[in-house]
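Just so you know, ligand 1 is whichever comes first in the structure, and atom 1 is the first atom listed for that ligand. Treat the numbers as computed from the prediction; the structure is a model and nothing was measured.
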Amino acid sequence: MRWWLFRLTKLPTLDVETLIMDFPQLIESIQLATSSSNLETLDPQQQAQLYEACDRLRSQCESPLDKTLRLLYTCHQAIAVRLAVDLKLFDAIANRASEDEDGKVRVGQLSEDVKADPKLDHEVTCAIGYSQATYIRYFLIHAIHYGLYFDVLDVRSSDILLPEYFKEKGWKTPDDIDDSPWNFAAGSKCGYFNYMASKPYYQDAFDTVMASPYRRDEKSWLDFFPVEEKLQVQSPSEVLLVDVGGGRGKDLQTFRERFPDLPGRLVLQDLAHVCGTSDIPGGIETQIHNFFDEQPIKGAKAYYLRTVLHDWPDRQAVMILSRLREAMAPDSSLLIHEKAMPETNIPWMAAIGDMTMMTAFSSLERNKNEWETLLKKAGLEVTQFWKPEGSSGQQQVIIECSIHIAG
Ligand SMILES: C[S@@+](CC[C@H](N)C(=O)[O-])C[C@H]1O[C@@H](n2cnc3c(N)ncnc32)[C@H](O)[C@@H]1O
């Protein structure tokens, strides 16, 4: 069983250093920080560091009872968010807030806007903690699709059925893409991506979420990977970068905007129904391609795979990588843009991500060793793990790889 189980359920401990701290001063500092608007001025990296520190602080001072109750009842909040999306509660909050001078909203007002029993409305509103303005703004931008995304992944129903799944499968870490907890819960034999393809409404939600800034790191890879040094081609007709399974092409667009004069072609590859909905500007080519088939572009300077391999257990991941290795020239690079899970102090979001991959795809978020082992199986070797200085365990890294030459 993977360590997320431990990470997500770990009970608090107190260490000696905590006991000898000046608690009144600590509490006062926290109150000062949260009552001023100073926190709004933090940059994303500082914000992530502070969040991790608070997470550790909470895990050390939360009582076992509080922790147990919080873990047990988190599912209520998750479903409340989904209900709020369906009720259009976020839109109602934003509308009402815009009418008020101080941006305040009374729960009672919302009952007039939302088609639900006022008591139910009140419960949902309180469960999502509506008073945080940034939260509401965030949800208005992302939630409709995000809510649908998690719904279609059937993570909640898959989670609820995990005890039955493990009982039936013998408490083994899932590693079969066609026999995941999601398949078990959905009663579906077809893979998740095929299932989505037959449901355009949900496919749109998924692709929108994939392209959203929420899924882009606090530090862009273009700032910590030496693009201009590593990605050079001799002539503009050569392929510079192929984004394999690139969704709607958000990453190639950003690349072109950042490096408009870097010579070479940029190619976006994905399945037909995804390519058909991408709206990318000129200068980026789109190519329908199933990454289990022979890679049609040979000898590109670099192939880029962002958050693709975590959707696949090792067997399929090796197949995808092998098709790329067959197409690579000795001077081609493969750039894998994913998490390399830390061994300790795993941020809870990263642990949740790992569990989601297991539930939906029988897959995982890999650590450094797991990446190296996987790549070796496909005849590739890691040249370097690139990661920005001081970044959190949640930050995605660039794993730069080349063809393994024996000898
Ligand atoms: C998790 S999304 C990542 C999308 C994008 N790289 C990003 O990071 O936003 C996985 C992508 O793989 C694509 N995909 C799934 N199966 C595929 C296949 N057999 N061949 C090509 N693309 C596939 C999906 O359509 C989706 O766009």
Side-chain angles (χ1 to χ4, degrees), residues 142 145-146 148-150 152-153 155 177-178 180 182 190-218 220-222 225 241-255 266-280 284-297 302-313 315-324 326-327 334-339 352-354 356-366 394-399:
H142 304 291
H145 292 290
Y146 204 50
L148 289 173
Y149 167 54
F150 277 106
V152 75
L153 275 176
V155 169
I177 185 75
D178 296 320
S180 68
W182 177 82
C190 82
Y192 172 73
F193 288 105
N194 291 334
Y195 175 86
M196 292 277 282
S198 65
K199 307 230 172 322
Y201 185 56
Y202 292 117
Q203 178 74 52
D204 178 53
F206 181 87
D207 294 335
T208 306
V209 169
M210 290 304 116
S212 88
Y214 156 77
R215 290 191 70 258
R216 302 288 166 309
D217 278 317
E218 53 218 66
S220 163
W221 72 285
L222 304 174
F225 180 80
L241 193 59
V242 187
D243 187 356
V244 183
R248 288 183 174 165
K250 187 76 206 149
D251 296 298
L252 281 187
Q253 275 180 55
T254 311
F255 185 93
L266 304 181
V267 183
L268 170 68
Q269 294 181 337
D270 210 297
L271 297 169
H273 58 274
V274 180
C275 284
T277 62
S278 62
D279 180 22
I280 48 175
I284 298 173
E285 299 164 43
T286 305
Q287 184 175 52
I288 294 167
H289 171 59
N290 179 339
F291 48 49
F292 290 104
D293 295 340
E294 181 183 339
Q295 170 59 240
I297 298 185
Y303 299 85
Y304 174 75
L305 273 176
R306 180 175 185 275
T307 60
V308 164
L309 295 172
H310 73 170
D311 296 341
W312 300 93
R315 202 166 86 81
Q316 283 74 21
V318 168
M319 289 183 198
I320 297 167
L321 288 167
S322 300
R323 297 298 81 78
L324 290 170
E326 288 154 11
L334 169 64
L335 305 176
I336 298 173
H337 192 181
E338 291 225 10
K339 285 195 191 82
I352 297 260
D354 187 45
T356 304
M357 293 309 135
M358 181 204 73
T359 308
F361 306 109
S362 295
S363 186
L364 69 164
E365 296 288 2
R366 297 174 170 93
Q394 180 60 10
Q395 168 79 38
Q396 290 172 343
V397 302
I398 290 285
I399 309 167

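- Listed by chain and number, the residues in a side-chain hydrogen bond (donor to acceptor under 3.5 Å, both in side chains) with Gln203 are Asp207, His273 (sequence neighbours excluded).
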Run through all N or O atoms in ligand 1 and write down each protein N or O closer than 3.5 Å, as a pair with its distance.
unit_1   : atom_1 : unit_2 : atom_2 : d
ligand 1 : 6 (N)  : Gly245 : O      : 2.8
ligand 1 : 6 (N)  : Arg306 : O      : 2.9
ligand 1 : 8 (O)  : Arg306 : O      : 3.2
ligand 1 : 8 (O)  : Arg306 : NH1    : 2.7
ligand 1 : 8 (O)  : Thr307 : OG1    : 2.8
ligand 1 : 9 (O)  : Met210 : O      : 3.2
ligand 1 : 9 (O)  : Arg215 : NH1    : 3.1
ligand 1 : 9 (O)  : Arg216 : NH2    : 3.3
ligand 1 : 9 (O)  : Arg306 : NH1    : 3.4
ligand 1 : 19 (N) : Asn290 : OD1    : 2.9
ligand 1 : 20 (N) : Phe291 : N      : 3.0
ligand 1 : 25 (O) : Asp270 : OD1    : 2.7
ligand 1 : 27 (O) : Asp270 : OD2    : 2.7

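- A search for ring pair (Phe, Tyr, Trp, His ring centres under 6.0 Å) contacts involving Phe255 returns Phe259, not counting sequence neighbours.
- Within the 4.5 Å cutoff, no side-chain heavy atoms of Val308 are placed close to those of Val244.
- Taken to the nearest 0.5 Å, the NZ atom of Lys339 stands 9.0 Å off from the CG atom of Asp354.
- Across every non-hydrogen atom of Gln253 and Ile280, the tightest pair is NE2-CG2, 3.4 Å.
- For Ser180, the side-chain hydrogen bond (donor to acceptor under 3.5 Å, both in side chains) partners are Asn183, not counting sequence neighbours.
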